[in-house]
Undergrad: 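One structure, pasted below without further comment.
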2 protein chains.
Amino acid sequence: MAETRWLDDHEQHAWRAYLRMNAVVGAALAKQLQTESMLSMQDFEVLVHLTDVDDARLRVSELARAMRWEKSRLSHHLSRMEKRGLIGREECASDGRGAFIVLTPQGRAAIEAAAPSHVDAVRRFFFDVLTDDDVKALDSLAGRVIARVEATDTCPAE
Amino acid sequence: MAETRWLDDHEQHAWRAYLRMNAVVGAALAKQLQTESMLSMQDFEVLVHLTDVDDARLRVSELARAMRWEKSRLSHHLSRMEKRGLIGREECASDGRGAFIVLTPQGRAAIEAAAPSHVDAVRRFFFDVLTDDDVKALDSLAGRVIARVEATDTCPAE
DNA sequence: CGAACATGGATGACGTGTCAACTATTCCGG
DNA sequence: CCGGAATAGTTGACACGTCATCCATGTTCG
């Protein structure tokens, strides 16, 4: 294998900025959601997916696919959310192995209370300082990066 | 407070792409580092900072400041790394409270082995699909976002 | 039917991050 | 010099993520 091609100064700088942006935006949004709504980002994400379907009830595996989470991660997280009364589990009549996840009234109340201030925070911390061109550029490059990573790990032959 | 201003379609799409890019790039790099070098991203980051200084020794608080990690997080992480022999702790003569963190030979060997393939992965998953303009745009927008978030949480008066 | 196998999902162990509390030193104003 | 603050760092509890494993039910095929 050839000599390593290190990052040049611009790449280095952009890479660090990218990493740091992720860190600070993630932390800021998480803190906002936690302090104002007592929800983690993950809780929020689960609740969003549940409210997105008609009857607010999903099979665990559908939810996992929609969120692109591992089953195990989701199962652990659902247990924590169930303990807090945000969601419930129900048995599935047609498949004895399966379980439905249902949104509880408290879960619905929690996300309805949380969503507006969360969106405000996303604007405040992110979109407020971006131009339309920035948004377009970001969307475009993110799409390419996602495609690249996913292409690589689904067919790891190189 | 006025009606919530939800994200429009472009913003929504870009925001999801951004979040997903973070998730997949982070996961791919973490997995690469873990499987090829038995290091987590955090291990790597700590080791990078240690090798960046002349004598490969730093006070815990300097390291925390440089990495912008909470003391507690760093302390926990250093304990785990110490257990694996990547770093060591030494008492500080001039300040009885303090401790130096030192890079062990194994720690140095680990990062020297890990760095080239990590950089390769960063290129493969990220820079390879970006143009110079993308890199410039990303660096610029990330800088603005970081500034905004940091301005907000250091002076939370609004 | 019944044995192999696949699928849905839960669990346990362990690494990681955060918050709050704690210990031990050092500093600083009397 | 003393007593209270600030500082350096650790610890414990708990939330979260991953991996490997496990169990129960379904499916398939001889």
Side-chain angles (χ1 to χ4, degrees), chain A residues 22-24 26-35 37-46 57-102 153, chain B residues 22-24 26-35 37-46 57-102 153:
Chain A
N22 290 353
V24 300
L29 291 178
K31 178 172 291 186
Q32 181 274 330
L33 210 46
Q34 187 65 57
T35 62
S37 311
M38 299 279 292
L39 293 176
S40 68
M41 300 272 269
Q42 300 90 302
D43 297 332
F44 187 82
E45 220 180 318
V46 170
R57 104 205 230 94
L58 275 174
R59 290 291 295 269
V60 174
S61 42
E62 288 180 61
L63 191 49
R65 203 171 328 109
M67 300 181 66
R68 314 205 196 202
W69 278 21
E70 292 186 11
K71 285 161 180 277
S72 160
R73 176 184 180 185
L74 184 54
S75 180
H76 280 301
H77 202 82
L78 291 173
S79 299
R80 292 184 294 256
M81 291 180 73
E82 187 180 18
K83 212 172 298 172
R84 292 192 290 143
L86 296 169
I87 56 122
R89 292 188 215 241
E90 283 180 14
E91 291 186 5
C92 175
S94 63
D95 186 339
R97 298 166 299 184
F100 280 109
I101 301 304
V102 301
D153 53 52
Chain B
N22 290 354
V24 300
L29 291 177
K31 177 173 290 186
Q32 180 276 331
L33 210 45
Q34 187 64 56
T35 62
S37 310
M38 299 282 291
L39 293 177
S40 67
M41 300 272 270
Q42 299 90 306
D43 298 333
F44 188 83
E45 219 180 319
V46 168
R57 86 207 244 96
L58 275 173
R59 290 290 294 268
V60 174
S61 42
E62 289 180 59
L63 191 49
R65 204 170 327 109
M67 300 182 65
R68 316 207 193 198
W69 279 20
E70 293 185 12
K71 283 161 180 260
S72 160
R73 176 184 180 184
L74 184 54
S75 180
H76 280 300
H77 203 83
L78 291 173
S79 298
R80 292 184 294 255
M81 291 180 74
E82 187 179 19
K83 213 172 298 173
R84 293 192 291 146
L86 296 169
I87 56 122
R89 292 187 214 243
E90 282 179 15
E91 291 186 6
C92 176
S94 62
D95 186 337
R97 298 165 300 185
F100 280 107
I101 301 303
V102 300
D153 50 54

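No experiment lies behind these values; they were computed from the predicted model shown. Order of the sequence lines fixes the chain letters, A, B, ..., with proteins taken first and strands second; residue numbering starts at 1 for each chain.
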Undergrad: Enter the distance from B/Arg68:CZ to B/Arg73:CZ here, rounded to the nearest 0.5 Å.
TA: 13.0 Å
Undergrad: Take the protein atom CG of A/Asp95 and the nucleotide atom C1' of C/dA6, then report the distance between them rounded to whole Å.
TA: 12 Å
Undergrad: Within this structure, what is the CG-to-P distance between A/Leu58 and C/dG9, rounded to whole angstrom?
TA: 11 Å
Undergrad: Write down the distance between CG (B/Leu33) and P (D/dT18), rounded to a whole number of angstrom.
TA: 15 Å
Undergrad: Any idea which of D/dG9, D/dG17, C/dG9 is nearest the B/Ser61 side chain?
TA: D/dG9
Undergrad: Can a side chain N or O of A/Gln42 be found less than 4.0 Å away from OP1 or OP2 on D/dG17?
TA: yes
Undergrad: How far does OG of B/Ser40 sit from CE of B/Met81, to the nearest 0.5 angstrom?
TA: 7.5 Å
Undergrad: Which nucleotide in the list D/dG17, C/dT16, C/dA10 gets nearest to the side chain of A/Arg89?
TA: C/dA10
Undergrad: Rounded to the Å, how far apart are B/Gln34 CD and D/dC19 C1'?
TA: 11 Å
Undergrad: Taking all atoms of both residues into account, what is the closest heavy-atom pair of A/Leu63 and A/Leu78, and its distance?
TA: CD2-CD2, 4.4 Å
Undergrad: Taking atom CZ of B/Arg97 and atom CD of B/Glu91, what is their separation to the nearest 0.5 Å?
TA: 14.0 Å
Undergrad: Nearest-nucleotide wise, let me know which of A/Arg84 and A/Ser94 is further upstream toward the 5' end of DNA chain D.
TA: A/Arg84
Undergrad: Can you check whether A/Leu86 reaches A/Leu39 side chain to side chain, under 4.5 Å on heavy atoms?
TA: yes
Undergrad: B/Phe44 CZ to C/dT16 C1': how many Å, rounded?
TA: 18 Å
Undergrad: Measure the CD-NE2 distance between B/Glu45 and B/His77 for me, rounded to the nearest 0.5 Å.
TA: 9.0 Å
Undergrad: Working to the nearest 0.5 angstrom, can you tell me the gap between A/Arg89 CZ and A/Ser75 OG?
TA: 5.0 Å
Undergrad: If I take atom NZ in residue B/Lys83 and atom P in nucleotide C/dA13, what distance separates them, rounded to the nearest angstrom?
TA: 16 Å
Undergrad: Please report, rounded to the nearest Å, how far the C1' atom of D/dT18 is from the NZ atom of B/Lys31.
TA: 10 Å
Undergrad: Among D/dA8, D/dT25, C/dG9, which nucleotide sits nearest the side chain of B/Arg97?
TA: D/dA8
Undergrad: Between A/Leu86 (CG) and D/dA15 (P), how many Å, whole number?
TA: 13 Å
Undergrad: Heavy-atom contacts under 4.0 Å between residues 63-82 of chain A and DNA chain D, which residues?
TA: A/Glu70, A/Ser72, A/Arg73, A/His76, A/His77, A/Arg80
Undergrad: When you match A/Ser40 and A/Ala93 each to their closest nucleotide on DNA chain D, which lands nearer the 5' end?
TA: A/Ser40
